[in-house]
*Asks:* 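Pasting in a structure now, in structure tokens, and then I'll have a few things to ask.
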Amino acid sequence: MKKIFTLAAAVLASVTMMAQDAPSVDVEAMTDAASETYFTSYNGDAVTLSLAATYETFNNAGGYYVKLDQTNNTAYVGVTAQQEITKVAFLVTGNGDNKNINAGLIGYTEVTENPDFAHVDYATNIAPAVAISSKYYENAQWVEFDLTGLELKAIYFAKQWKNVYIGESTSKASYPSGNAQSLFVYGIRVWAGAAVPMTDPVTSVEISGPEACYVNQKATYSATTDVKANAYKWFVNDAEQEGATSAKFDFTPDAEGNYSIVCQAKNDNNADFVASEAIVLVASVRPVVERVSVSASTTWDFANAATANVQAENADDFFVFANLDGEWAENFAANAIEGRAQYFYYKSNNCFQGHALRFTTTVAGTLTVEFSNTGKPERPYRHLYLNGADVNPELKSNSTTKLTAENIAVEAGDILLEGMMEDKDENENDIMTPNMLRFYKVIFTAAGEPTGINNAEEAVKAVKVIRNGQLFIEKNGVLFNAQGARL
């Protein structure tokens with residue numbers, strides 16, 4: 001009996017492997033002028049191909065390719081699936097003779113309509129690079145990515161993915177890290193749907209996630225099973241949640257109360273779903289925090305201020321950071337600063353992107369601000385204003401290159417930092433109008449304490465002072481105006 005069972009098990013394993021060897025999508029050549037013919041939804045494992053690149057003909061021979069000649073979200077081939085993507089392959093060449101292809105691939109465990117290409121669950125690139133003799137179809141080679149066990153349901157293939165964060169990592173990297181070769185894609189193969197154990201049903205489901213959160217704050221849960229599951233259902237207070245069909249589930253309570261969270265899972269060997277024990281989520285109203293004043297040196301460094309983007313519903317109002325739905329870092333004084341912004345925390349750029357920041361100090365000191373414009377070069381110049389006055393008319397930004405306004409003397413009281421843009425009125429007169437800046441770091445150093453940026457010799461050289469809305473420069477106790485004239 002044992003030998004028969006072993007043989008039967010071997011046959012089952014062989015069938016499973018054969019099923020996995022047959023791709024869900026197999027496009028060996030694109031011969032139709034309409035790219036939509038290939039970049040569409042496929043049946044079976046519900047795979048969808050997507051395209052954000054140029055679709056071109058080659059050699060006037062009736063064939064087509066995808067041109068991937070840009071980095072990141074500008075030019076890519078995407079694959080999404082309802083089940084796990086276990087392998088993908090692309091038929092590629094370079095865009096010339098004797099090219100080494102080292103293209104990059106990123107992936108996600110969940111499918112989203114607008115993926116954040118800077119924050120991914122997985123990233124890799126072809127290594128070692130594949131040498132291809134010419135750009136023509138007859139010299140194209142298949143390059144494969146084995147994704148087994150990664151539980152990815154969305155992948156994107158491009159020339160290069162730059163400045164990518166993987167998971168919770170605070171360090172970014174590029175894939176490939178060095179120079180990337182432009183390439184042509186002639187064919188695509190996708191294997192989707194991880195093999196489910198042929199004899200073992202799911203017998204237990206466990207879920208993990210928070211037991212408390214605030215109203216309108218997202219709570220994330222995940223399910224694990226004793227053997228591989230291929231179907232999931234989530235319930236809140238016994239009500240099945242529409243669209244919640246994966247091992248992860250996000251729930252946002254819209255009112256105070258207790259919510260029972262349960263997951264059910266199964267595979268093809270189960271007669272019915274198996275349910276987890278419930279997690280009871282207690283949702284409460286977030287207490288309103290009154291902004292406090294600072295009386296000692298304080299740094300607001302946006303490099304790692306929170307774990308995800310933080311926005312407010314009404315960007316026209318000031319909000320105390322601590323009152324927003326964000327997981328602020330312990331060393332970020334979120335209860336002492338407020339802002340008016342598009343992004344109170346913009347994770348992709350590690351900054352505050354908005355119109356104004358405001359805090360109050362009970363002691364005099366100096367201020368250092370690291371800032372920039374919000375976009376590419378050649379935008380209208382934007383200036384940093386402090387309490388209604390230009391910190392330095394010559395210190396202005398038309399790109400995302402960081403600028404630093406250092407050692408600006410301030411008195412005790414309210415500190416208002418604003419962005420202002422060079423503009424024209426209806427008569428073509430030069431004016432300044434409010435606009436957004438990116439703030440990367442704001443440092444207040446209480447009088448008598450070291451700045452932590454410049455050494456002691458630099459600290460006594462000169463400081464900028466704003467009095468009655470005018471800029472002055474103080475050096476060794478002597479006051480000068482903005483033009484350098486001694487007063």
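Here the structure is a predicted model, which is why all the values come from computation and not from measurement. Computed over heavy atoms, backbone and side chain alike; hydrogens, waters and symmetry mates excluded.
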*Asks:* Mind checking the OH-CG spacing from Y440 to N350? Nearest 0.5 Å is all I need.
*Replies:*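 One gets 9.5 Å once the value is rounded to the nearest 0.5 Å.
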*Asks:* Can a donor-acceptor pair be found between the side chains of Y64 and E56 at a distance below 3.5 Å?
*Replies:* no
*Asks:* Just verifying a value: how many Å separate E428 CD and D423 CG, rounded to the nearest 0.5 Å?
*Replies:*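 These two atoms lie 9.5 Å from each other.
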*Asks:* Salt-bridged, E28 to R189, with N to O below 4.0 Å?
*Replies:*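 Result for this pair is yes, salt bridge flagged.
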*Asks:* For Y381, is the NZ or CZ atom of K396 found under 6.0 angstrom from the centre of its six-membered ring and inside 45 degrees of the ring axis?
*Replies:* yes
*Asks:* Quick one: side chains of residues 243-254, donor-acceptor pairs under 3.5 Å with protein atoms, not counting sequence neighbours, listed by atom name and distance.
*Replies:*
unit_1	atom_1	unit_2	atom_2	d
S246	OG	E110	OE1	3.3
S246	OG	E110	OE2	3.2
S246	OG	K248	N	3.4
S246	OG	K248	O	3.1
D250	OD1	T220	OG1	2.7

*Asks:* Checking S297 side chain against A446 main chain: does a donor-acceptor pair fall under 3.5 Å?
*Replies:* yes
*Asks:* Could you check whether D301 and T299, counting side-chain N and O atoms only, form a donor-acceptor pair closer than 3.5 Å?
*Replies:*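 Side-chain D/A pair, T299 to D301: absent.
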*Asks:* Is it true that, when you exclude K162 itself, more than 12 heavy atoms of the residues, nucleotides or ligands shown sit nearer than 6.0 Å to its NZ?
*Replies:*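 Result for NZ/K162: open.
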*Asks:* F321 pairs by ring pair (Phe, Tyr, Trp, His ring centres under 6.0 Å) with which of F332, F359, Y345, Y343?
*Replies:*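 Looking at F332, F359, Y345, Y343, the match for F321 under the ring pair (Phe, Tyr, Trp, His ring centres under 6.0 Å) is F332.
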*Asks:* Can you confirm whether the side chains of N398 and R379 place a donor and an acceptor under 3.5 Å from each other?
*Replies:* no
*Asks:* Does any part of the side chain of V66, heavy atoms only, come nearer than 4.5 Å to the side chain of T54, both counted from C-beta?
*Replies:*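 SC-SC contact between T54 and V66 ruled out.
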*Asks:* With sequence neighbours excluded, what pairs up with A52 under the side chain to side chain contact (heavy atoms under 4.5 Å, CB included) test?
*Replies:* Y76
*Asks:* For K424, is the NZ atom crowded, meaning more than 12 foreign heavy atoms sit under 6.0 Å from it?
*Replies:* yes
*Asks:* Between OG1 of T74 and CG of D69, what distance do you get to the nearest 0.5 Å?
*Replies:* 9.0 Å
*Asks:* Is there a side-chain contact between E370 and T404 in this structure, where contact means two heavy atoms from C-beta onward sitting under 4.5 Å apart?
*Replies:*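 Sidechains of T404 and E370: in contact.
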*Asks:* Hey, what do you get for CG (L183) to CG (L68), rounding to the nearest 0.5 Å?
*Replies:* 4.5 Å
*Asks:* Is K172 close enough and on-axis enough to Y165, meaning under 6.0 Å and within 45°, for cation-pi?
*Replies:* no
*Asks:* Side chains of T374 and Q353: does their closest heavy-atom pair fall under 4.5 Å?
*Replies:*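 Yes - at least one pair of side-chain heavy atoms lies under 4.5 Å apart.
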*Asks:* Within 45 degrees of the axis of the six-membered ring of F318 and under 6.0 Å from its centre: does R358 put its NZ or CZ there?
*Replies:*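 Here R358 passes the 6.0 Å and 45° test against F318.
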*Asks:* Below 4.0 angstrom, N of the basic side chain to O of the carboxylate: do R340 and D316 qualify?
*Replies:*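 Salt bridge flag = no for D316 with R340.
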*Asks:* So does N179 have more than 12 non-hydrogen atoms from other groups sitting under 6.0 Å from CG?
*Replies:* no
*Asks:* Under a plain distance cut-off of 3.5 Å, with no hydrogens placed, do E422 and H383 share a side-chain donor-acceptor pair?
*Replies:*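 Yes - a donor-acceptor pair under 3.5 Å links their side chains.
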*Asks:* Considering only heavy atoms from C-beta outward, does the side chain of K159 approach that of Q70 to under 4.5 Å?
*Replies:*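 Answer no - side chains too far apart.
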*Asks:* With a 6.0 Å cut-off on the ring centroids, do F90 and F157 count as close?
*Replies:*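 Centroid distance F90-F157: below 6.0 Å, so yes.
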*Asks:* Look at atom CD of E206 and say whether more than 12 heavy atoms of other residues, nucleotides or ligands are closer to it than 6.0 Å.
*Replies:*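 No, the 6.0 Å shell around CD holds no more than 12 heavy atoms from other groups.
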*Asks:* What I want to check is whether the side chains of T360 and R291 have a donor and an acceptor closer together than 3.5 Å.
*Replies:*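 Yes, because at least one side-chain N or O of T360 sits under 3.5 Å from a partner of the opposite role on R291.
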*Asks:* Do T109 and D121 pair up side chain to side chain, a donor and an acceptor below 3.5 Å, judged on atom types alone?
*Replies:*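 Looking only at side-chain atoms, D121 and T109 do form a donor-acceptor pair, the distance falling under 3.5 Å.
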*Asks:* Is there side-chain contact between T445 and T368, with at least one heavy-atom pair below 4.5 Å?
*Replies:*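 They are not in side-chain contact.
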*Asks:* Scan side-chain atoms only and decide if S397 and S372 contain a donor-acceptor pair under the 3.5 Å cut-off.
*Replies:*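 No, because no side-chain N or O of S397 sits under 3.5 Å from a partner of the opposite role on S372.
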*Asks:* To the nearest 0.5 Å, what is the distance between OG on S177 and CG on N125?
*Replies:*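 Taking OG in S177 and CG in N125, the distance rounds to 7.0 Å.
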*Asks:* Closest approach of I101 and S182, non-hydrogen atoms and distance?
*Replies:*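 Nearest pair, atom of I101 first, then S182: CD1-O, 4.1 Å.
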*Asks:* Excluding sequence neighbours, so at least two apart, what forms side chain to side chain contact (heavy atoms under 4.5 Å, CB included) with S276?
*Replies:*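 S276 satisfies side chain to side chain contact (heavy atoms under 4.5 Å, CB included) with V205, I207, V262, C263 once adjacent residues are dropped.
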*Asks:* Would you confirm whether S174, through its side chain, and P176, through its main-chain N or O, come within 3.5 Å as a donor-acceptor pair?
*Replies:*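 Absent.
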*Asks:* Do S169 and S171 have side-chain N/O donor and acceptor atoms under 3.5 Å apart?
*Replies:*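 No, S171 and S169 have no side-chain donor paired with an acceptor closer than 3.5 Å.
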*Asks:* With a 4.5 Å heavy-atom cut-off, do V185 and L91 have their side chains touching?
*Replies:*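 Answer no - side chains too far apart.
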*Asks:* Please confirm whether the backbone N or O of I132 pairs with a side-chain atom of N98, one donor and one acceptor, at under 3.5 Å?
*Replies:*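 Checked: no pair found.
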*Asks:* Is there a donor in the side chain of N139 and an acceptor in the side chain of S134, or the other way round, less than 3.5 Å apart?
*Replies:* yes
*Asks:* In Å and rounded to the nearest 0.5 Å, what is the CD to OG1 distance from E84 to T148?
*Replies:* 7.0 Å
*Asks:* Can you say whether the rings of Y65 and Y186 are parallel (under 30°), tilted (30 to 60°) or perpendicular (over 60°)?
*Replies:*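 Answer is tilted, since the angle falls between 30° and 60°.
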*Asks:* Kindly state whether the ring of W161 and the ring of F117 have centres lying under 6.0 angstrom apart.
*Replies:*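 That pair passes the under 6.0 Å test.
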